[in-house]
Structure formats: C-alpha cells, structure tokens
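Chain identifiers are assigned alphabetically (A, B, ...) following the order of the sequence lines, protein sequences preceding nucleic acid strands; residue numbering begins at 1 within each chain. All values reported here derive from a predicted model rather than from experimental measurement.
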There are 2 protein chains.
Amino acid sequence: MMRLSTRGRYAARVMLELALCYGRGPTLLKDIAKRQEISEGYLEHLLPPLKVAGLINSSRGAHGGYTLAREPSKINLKEVVQALEGSLSPVGCVDSPSVCQRTGFCVTRDIWKELGEKISQTLESVTLEDMVKRQKGMGK
Amino acid sequence: MMRLSTRGRYAARVMLELALCYGRGPTLLKDIAKRQEISEGYLEHLLPPLKVAGLINSSRGAHGGYTLAREPSKINLKEVVQALEGSLSPVGCVDSPSVCQRTGFCVTRDIWKELGEKISQTLESVTLEDMVKRQKGMGK
DNA sequence: TCTTTTTCCTATTAATCTTATCAGATTAAT
DNA sequence: ATTAATCTGATAAGATTAATAGGAAAAAGA
C-alpha cells in the first residue's frame, strides 16, 4: 500500500515538537510523548536513529533531554523520514540493482526510480521552520 | 518503508506487456506470466482488479485471454497502481480523517496529503504508450 | 453434448514486517 | 548516594503480504 510506517510519521511529529521548543533547552522524551500522544516506550526506539543521523542531540541524567542539532530552518523532512525509514525508493531494486535480473532492461524500474526522486525532492523542500509556521497558523 | 507492494509493481509490468501486444488479439495469462517472470497462480489475483477498474477486458474459454480496454496512450500508471494498491496516500488519515483525533490541527497530515498529491501527479503523467516507447529504446 | 481451454473464485498457509512492551544498563546532576 | 534521565536488547502480538491449491464457470470446437 505504499504507506509510511509509524516510524517515519512519528519521527516527523517528534521533530516538529522539538522545533516548537527550539531555544528553550532540552525537552524530555516524556513530554514529547505526552504532547504528541505517542507511547513513551515506543518513542525510546525512534529517538536514537535521529541522533545517529545528526538531527538531534541528547543529554542523559537529571535535566537531560533532547534538542535539535541545528536551527529548524536547516533541517528538512527528507532527512527526518530517511533517518527512520531508511530509503525513500518505492521499490528495493532502485537501491540494490542486483536483487533482480531484469534491472538492465526494466522500464518500470526506471519509472519507480523517478518517482522516488520526486518524493525526495518534495520532502526536501519542507523544513521544520515551515512546519512550525504552519502549526502557528492552525488552531492549536 | 513506503514500498510499493508486488501487487502494484506486477500490475505495471502486466499492463506494459499488454500494451506491447496491443492490437494483436487477446494475450494469455500464461504468456504474460512467462514473459514477465511472475507466477501464474499469483497473477490470477492481479488481473481481476484491473478488469474491475475498467483497464482491461477478458474473455474465457478457448482463444480467450486479456486485452487493454483502451489505447495505451489513454491509460496512465496512476490508474494501474491505484487499481491494485487502493490508495496512493502515504498515510491512512488522509483518506479517512476520522481514524485520528488530531486530524483538525495536525500539520504533518497536511504535508502527507500534499506528498500523496505529488505522487499521484507523477504517476498520472506516465502513460502505457510512454512505457512502450521507452521499452523499445532499451535493449530487450 | 462432450471435451478442451481458459478465466474466475475461495480458502488457506507461510513468511515477513510492524508495532509495541518490558526490564534493566548507563550516565549525569544534586 | 540518590534521583532523573536516556539507552539497549529481548521478545511477543498483530497485521500485512505473497503465494499456493482446488475447483467452478464459461466459451469454443468436434
């Protein structure tokens, strides 16, 4: 069904939340979970990949928590989704040509590749700053 | 991982195959399966949805088989993929707002919706005729 | 009307991926 | 030390996907 998994979706919400708190010190996982209505236990597995990708910083112990590694205007959605979903290609053979013998002469593969590039471009064009602005334009 | 399932991928290849045979009478499922290297048994499940969507015609019995319901230039990839995958939205709440309480004030939902529209546009812009032309430009 | 050819339909299974939960280890501040 | 946090790994439940199998229905030709 070509659906984003909750990993990518939740990651986007986590990063939006951190962008809304930007400049006010570390935010607790517990608070992100509460405000975004995501289970704490599950969130614990989503934040490490964001850190590995260099999108957030964390500090442990009392007064710890998470902060954005860069300004909201310098982080885009493609990076965020990619950190959790791995690849944005709609099919595996785009990333790993050798998984299929047809690669060399497969028209559909070329098209899926182009689709993947469109998806990347689209997500790359949205920054966390954009999202914060939109959020302020909405009710909540 | 936001991957297209084999249903959508195979459907694209089936339709390309039928487009390559366009104007030469019905093509057997068995032949589509052989040329596209897809199991016959599995293909049997993919063709009926294409028929329901009005993209192909079928006739049973001896000398039966499948044909495109329209010229290759009048069928686009969006229709094909949608017939097998159902929806092209990257998240369920775009199609069914009520599945989530946050719908009314969720910035990320709006963005996923826009992404879905981009995906639709991209696939809509590719016709079976385009694919046939590309195929002929490639080796096989 | 009988046989062959072909699509069509339903049920079932096996495998894989997703979504979580839990328990404990590690780190830092007071 | 104690407390407050993040981090890590194991595991299980659930959902989805991919595929197989068996037979029913329909059309054509003898």
Take atom [atom1] of [X] and atom [atom2] of [N], then tell me their distance rounded to the nearest Å.
{"X": "A:R3", "N": "D:dT16", "atom1": "CZ", "atom2": "P", "answer": "10 Å"}
{"X": "B:M1", "N": "D:dT16", "atom1": "CE", "atom2": "C1'", "answer": "16 Å"}
{"X": "A:K30", "N": "D:dT3", "atom1": "NZ", "atom2": "C1'", "answer": "12 Å"}
{"X": "A:Y42", "N": "C:dA23", "atom1": "OH", "atom2": "P", "answer": "20 Å"}
{"X": "A:L46", "N": "D:dT8", "atom1": "CG", "atom2": "C1'", "answer": "14 Å"}
{"X": "B:E85", "N": "D:dT17", "atom1": "CD", "atom2": "C1'", "answer": "11 Å"}
{"X": "A:L84", "N": "C:dC17", "atom1": "CG", "atom2": "P", "answer": "17 Å"}
{"X": "A:N57", "N": "C:dA28", "atom1": "CG", "atom2": "P", "answer": "14 Å"}

Ignoring hydrogens and geometry, is there a side-chain-to-backbone donor-acceptor pair from [X] to [Y] under 3.5 Å?
{"X": "A:T103", "Y": "A:P97", "value": "yes"}
{"X": "B:S89", "Y": "B:G92", "value": "no"}
{"X": "A:E85", "Y": "A:S5", "value": "yes"}

Are any of [X]'s side-chain N or O atoms less than 4.0 Å away from OP1 or OP2 of [N]?
{"X": "A:S39", "N": "C:dT19", "result": "no"}
{"X": "A:K51", "N": "D:dC7", "result": "yes"}
{"X": "A:Y66", "N": "D:dC7", "result": "yes"}

Going by the side-chain contact (heavy atoms from CB on, under 4.5 Å) test, name the single residue among A:L84, A:V14, A:I32 that passes it with A:L46.
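Considering A:L84, A:V14, A:I32, a side-chain contact (heavy atoms from CB on, under 4.5 Å) with A:L46 is found only for A:L84.
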Base, sugar-phosphate, or nothing: which does A:L28 touch, judged by heavy atoms less than 4.0 Å apart?
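It contacts sugar-phosphate atoms only.
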Give none if C:dA29 has no partner; otherwise give the nucleotide forming a Watson-Crick or G-U wobble pair with it, both distances under 3.5 Å.
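Checking every strand shown, C:dA29 finds its partner in D:dT2, with both distances under 3.5 Å.
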Tell which nucleotide pairs with D:dA13, taking only Watson-Crick or G-U wobble pairs whose two distances are both under 3.5 angstrom.
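The base-pairing partner of D:dA13, which may sit in any strand shown, is C:dT18.
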Sugar-phosphate means primed atoms, P, OP1 and OP2; the rest is base. With that split, encode nucleotides 22-30 of chain D 5' to 3' as B, S or - using protein heavy atoms under 4.0 Å.
B--BBBSS-
Which heavy atom of [X] sits nearest to which heavy atom of [Y], and what is that distance?
{"X": "B:G54", "Y": "B:A69", "value": "O-CB, 3.3 Å"}
{"X": "A:Y66", "Y": "A:L18", "value": "O-CD2, 3.6 Å"}
{"X": "A:G104", "Y": "B:M138", "value": "O-CE, 3.7 Å"}
{"X": "B:S87", "Y": "A:R3", "value": "OG-NH2, 3.2 Å"}

Which ones in residues 5-21 of chain A lie close to DNA chain D, meaning a heavy atom under 4.0 Å from one of its atoms?
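When residues 5-21 of chain A is checked for heavy atoms under 4.0 Å from DNA chain D, there are no hits whatsoever.
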Out of D:dG9, D:dA18, C:dA11, whichever nucleotide has its closest atom nearest the side chain of A:H45:
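Within the option list, the nearest is D:dG9.
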Regarding A:T108 and A:R102, is there a side-chain donor-to-acceptor distance under 3.5 Å anywhere?
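No, no side-chain donor-acceptor pair sits under 3.5 Å.
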Between A:K51 and A:S58, is any side-chain donor less than 3.5 angstrom from a side-chain acceptor?
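On atom types as modelled, these side chains qualify, holding a pair under 3.5 Å.
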